[in-house]
Colleague: 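Below are the structure tokens for one structure; questions will follow.
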Number of protein chains: 2
Amino acid sequence: MVYRRTQAVVTRLEDNRARILAAARKLVAEGGWRHAHIATVAESAGVATGTVYRYFPSKAELFAEVLAIVSRRERDVIAAVVDGDGAPPVRMRGAVCAFARRALRGRRLAYAMIVEPCEPEIDAARLEWRAALGEEFVRLIRIGQEQGAFRAGDARIAAACVVGAFMEALVGPLAPEAFADERVADALIDQIADACLAIVAKPPARATSRIGRIA
Amino acid sequence: MVYRRTQAVVTRLEDNRARILAAARKLVAEGGWRHAHIATVAESAGVATGTVYRYFPSKAELFAEVLAIVSRRERDVIAAVVDGDGAPPVRMRGAVCAFARRALRGRRLAYAMIVEPCEPEIDAARLEWRAALGEEFVRLIRIGQEQGAFRAGDARIAAACVVGAFMEALVGPLAPEAFADERVADALIDQIADACLAIVAKPPARATSRIGRIA
DNA sequence: ACCTCATGTGAACCGCAATTCATTCCTTGA
DNA sequence: TCAAGGAATGAATTGCGGTTCACATGAGGT
């Protein structure tokens with residue numbers, strides 16, 4: 001064999017791959033899933049359609065990776081807050097606010113990542129992402145419970161509630177047709193954080209949360 | 001014109017339509033969206049493929065209507081609780097529990113309705129349903145606020161948080177591969193209700209929810 | 001009975017974008 | 001410079017299931 005991948009080639013390959021991913025991401029961030037076609041991605045990345053398939057086995061896997069990359073960043077941000085210092089309630093508020101703020105800044109992308117209807121295969125990847133985000137909150141809630149700052153209970157359920165709460169609350173405001181106003185956004189974030197904190201916070205002495213309990 | 005729809009025919013037409021809808025619903029409830037094909041629906045309803053199109057303009061609209069029907073029932077159940085008597089916290093707990101209990105009973109269908117990846121068009125209908133459900137909670141929260149039982153704030157945001165919280169908390173347990181145990185389910189429902197109640201309940205005197213606030 | 005129009009049928013069609021692959025273009029090492 | 005194989009190309013193919021439509025069947029009215 002007289003051909004072996006030289007460093008230059010390896011670099012170029014990696015660069016291509018990165019450019020394809022970047023193009024895919026950019027397209028989603030601009031036009032949502034509706035415009036995320038392989039042909040468009042290829043063109044935007046400056047390669048031929050077929051070339052995309054030299055790097056990714058299928059459309060679903062390409063976009064799943066885009067999702068994974070974006071997700072990972074968000075997860076890292078949250079993880080940093082979770083592992084930071086400050087009392088658990090402070091961290092909870094910080095994590096939720098961080099997510100909400102970042103989502104509202106990169107609205108179109110966040111909308112696509114969180115709610116925009118998309119192909120089933122990509123949607124499945126979203127579920128995994130949510131689960132991963134949830135894990136960070138599970139960790140945080142367990143920390144809070146150990147320190148006696150949060151109320152007892154299954155941390156996974158509480159985490160799911162927290163994640164669901166802030167995600168759903170962002171759905172409306174993230175919609176492309178919604179208005180984006182700094183003031184409104186701040187108030188929104190604040191209230192979402194209140195809600196999330198309330199989910200895990202210890203109830204007052206005479207447990208309000210017992211009201212209306214079935215059993 | 002020598003032909004006019006007689007009552008018998010009208011009845012038969014309505015019956016066909018109903019059977020198609022029922023078949024569609026049944027298929028989703030059994031196999032999820034994956035098996036929800038027009039041809040399958042037609043067969044299951046005892047009509048020809050083309051006949052389905054005499055009653056519904058497209059696959060998306062057929063399933064959107066299925067979704068609407070199932071949704072409406074859920075919404076009505078919640079509306080009944082919202083308009084019932086009892087203090088707002090009791091109603092909140094009741095509404096959430098009712099939804100969760102019903103969802104866990106009709107697991108497969110609930111899973112499809114809430115999370116299962118599906119075609120974009122159908123997914124869009126889901127968003128509307130969630131919004132509709134949310135409205136009931138907005139009403140409830142406003143009632144609670146007026147009575148001074150719930151804390152102040154934008155009811156729509158709080159409602160979104162509540163809906164997101166219980167929906168997301170149900171995602172894991174509703175997944176087809178998850179186990180269904182009565183005891184576990186009851187505990188789950190109870191904890192979800194706690195979380196949702198906490199979102200809207202008034203905080204204790206020295207507001208815990210102020211902890212860690214940004215501004 | 002029979003004409004007319006509505007309803008039902010299901011095999012064929014179609015649209016669309018993902019995916020493929022024969023071909024061309026590059027890169028390597030001798 | 002060249003042989004050998006890797007990488008890139010993009011037009012053609014594919015596949016799939018929704019949708020159509022020419023025809024059959026059945027109902028209504030005279």
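Residue numbers begin at 1 in each chain, while the letters A, B, ... track the order of the sequences.
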Colleague: Closer than 3.5 angstrom, by distance alone: can the side chain of B:R151 be matched with the main-chain N or O of B:A201 as a donor-acceptor pair?
Modeller: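 Such a contact is found between B:R151 side chain and B:A201 backbone.
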Colleague: Can you check the B:I122 CD1 to D:dG17 P distance for me, whole Å?
Modeller: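 Answer to the nearest Å: 13 Å.
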Colleague: When the distance from NE2 of A:H35 to P of C:dC16 is rounded to whole Å, what number comes out?
Modeller: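 Interatomic distance, NE2 of A:H35 to P of C:dC16: 15 Å.
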Colleague: Measure from the side-chain heavy atoms of A:T51 and tell me the nearest of C:dG10, C:dA18, D:dA8.
Modeller: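 The nucleotide sitting nearest to the side chain is D:dA8.
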Colleague: Answer yes when B:E135 and B:R75 have at least one side-chain N-carboxylate O distance shorter than 4.0 Å, and no when they do not.
Modeller: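 Salt bridge: yes.
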Colleague: Check every atom of D:dA11, C:dT9, D:dT9 against the side chain of A:T49 and return the nucleotide holding the closest atom.
Modeller: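 Ranking D:dA11, C:dT9, D:dT9 by closest atom to the A:T49 side chain puts D:dA11 first.
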Colleague: Could you tell me how far apart A:E119 (CD) and C:dA18 (P) are, to the nearest whole angstrom?
Modeller: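 So the two atoms are 7 Å apart, to the nearest Å.
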Colleague: Does a salt bridge link A:E14 with A:R17, judged by any charged N lying under 4.0 Å from a carboxylate O?
Modeller: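 A salt bridge is absent here (no side-chain N lies under 4.0 Å from a carboxylate O).
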Colleague: Can you sort out which residues in residues 55-62 of chain B have a heavy atom within less than 4.0 Å of DNA chain D? Ascending by number, please.
Modeller: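 DNA chain D contact set from residues 55-62 of chain B: B:S58, B:K59.
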Colleague: Between A:R19 (CZ) and D:dA8 (C1'), how many Å, whole number?
Modeller: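 The distance from CZ of A:R19 to C1' of D:dA8 comes to 12 Å, rounded to the nearest Å.
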Colleague: Centroid-to-centroid, A:F166 to A:F137, below 6.0 Å?
Modeller: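 Close enough - the centres of the two rings lie under 6.0 Å apart.
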Colleague: Closest to the B:R5 side chain: C:dA6, C:dT27, C:dG8?
Modeller: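 Among the listed nucleotides, the one closest to the side chain of B:R5 is C:dA6.
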Colleague: Answer yes when A:R108 and A:E116 have at least one side-chain N-carboxylate O distance shorter than 4.0 Å, and no when they do not.
Modeller: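 Yes, this pair counts.
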Colleague: How many Å lie between CD1 on B:I20 and P on D:dT19, as a whole number?
Modeller: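 Computing the B:I20:CD1 to D:dT19:P distance gives 14 Å.
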Colleague: Distance check needed: D:dA22 P versus B:Y53 OH, whole Å only.
Modeller: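 So the OH-P distance, B:Y53 to D:dA22, works out to 18 Å.
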Colleague: Is the side chain of B:T11 donor-acceptor paired with the backbone N or O of B:Q7 at a distance under 3.5 Å, no angle test?
Modeller: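 Indeed, once roles are kept as given, a pair shorter than 3.5 Å links the two residues.
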Colleague: With respect to the side chain of B:I38, which nucleotide from D:dA8, D:dG18, D:dG10 is positioned closest?
Modeller: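 My answer, after comparing the listed nucleotides, is D:dG18.
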Colleague: Rounded to whole Å, how long is the line connecting atom CD of A:E14 with atom C1' of D:dA7?
Modeller: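 About 15 Å, once rounded to whole Å.
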Colleague: Please pick, from C:dT9, D:dA27, D:dG6, the nucleotide with the shortest atom-to-atom distance to any side-chain atom of B:T6.
Modeller: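 Among the listed nucleotides, the one closest to the side chain of B:T6 is D:dA27.
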Colleague: D:dA8, OP1 or OP2 - any side-chain N/O from A:N16 closer than 4.0 Å?
Modeller: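 Checking A:N16 against D:dA8: at least one side-chain N or O falls below 4.0 Å of OP1 or OP2.
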Colleague: Roughly, in whole Å, what's the span from CZ in B:F63 to P in D:dT19?
Modeller: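 Atom CZ in B:F63 sits about 11 Å away from atom P in D:dT19.
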Colleague: On DNA chain D, nearest-nucleotide positions of B:G50 versus B:A8: which is more 5'?
Modeller: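 The answer here is B:G50.
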Colleague: Establish, with yes or no, whether the OP1 or OP2 oxygen of D:dT20 is under 4.0 angstrom from a side-chain nitrogen or oxygen of B:R54.
Modeller: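 Looking at the OP1 and OP2 atoms of D:dT20, neither is under 4.0 Å from any side-chain N or O of B:R54.
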Colleague: Among the nucleotides C:dT27, D:dA8, C:dT20, which one has an atom lying closest to any side-chain atom of A:V9?
Modeller: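 My answer, after comparing the listed nucleotides, is C:dT27.
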Colleague: Regarding A:D194 and A:R93, does a basic nitrogen lie under 4.0 Å from an acidic carboxylate oxygen?
Modeller: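 Result for this pair is yes, salt bridge flagged.
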Colleague: Counting only side-chain heavy atoms from C-beta out, which of D:dG17, C:dA18, D:dG10 sits nearest to B:H37?
Modeller: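 The answer is D:dG17, which lies nearest to the side chain.
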Colleague: Any heavy-atom pair between the side chains of B:V162 and B:M92 that's under 4.5 Å?
Modeller: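 Sidechains of B:V162 and B:M92: in contact.
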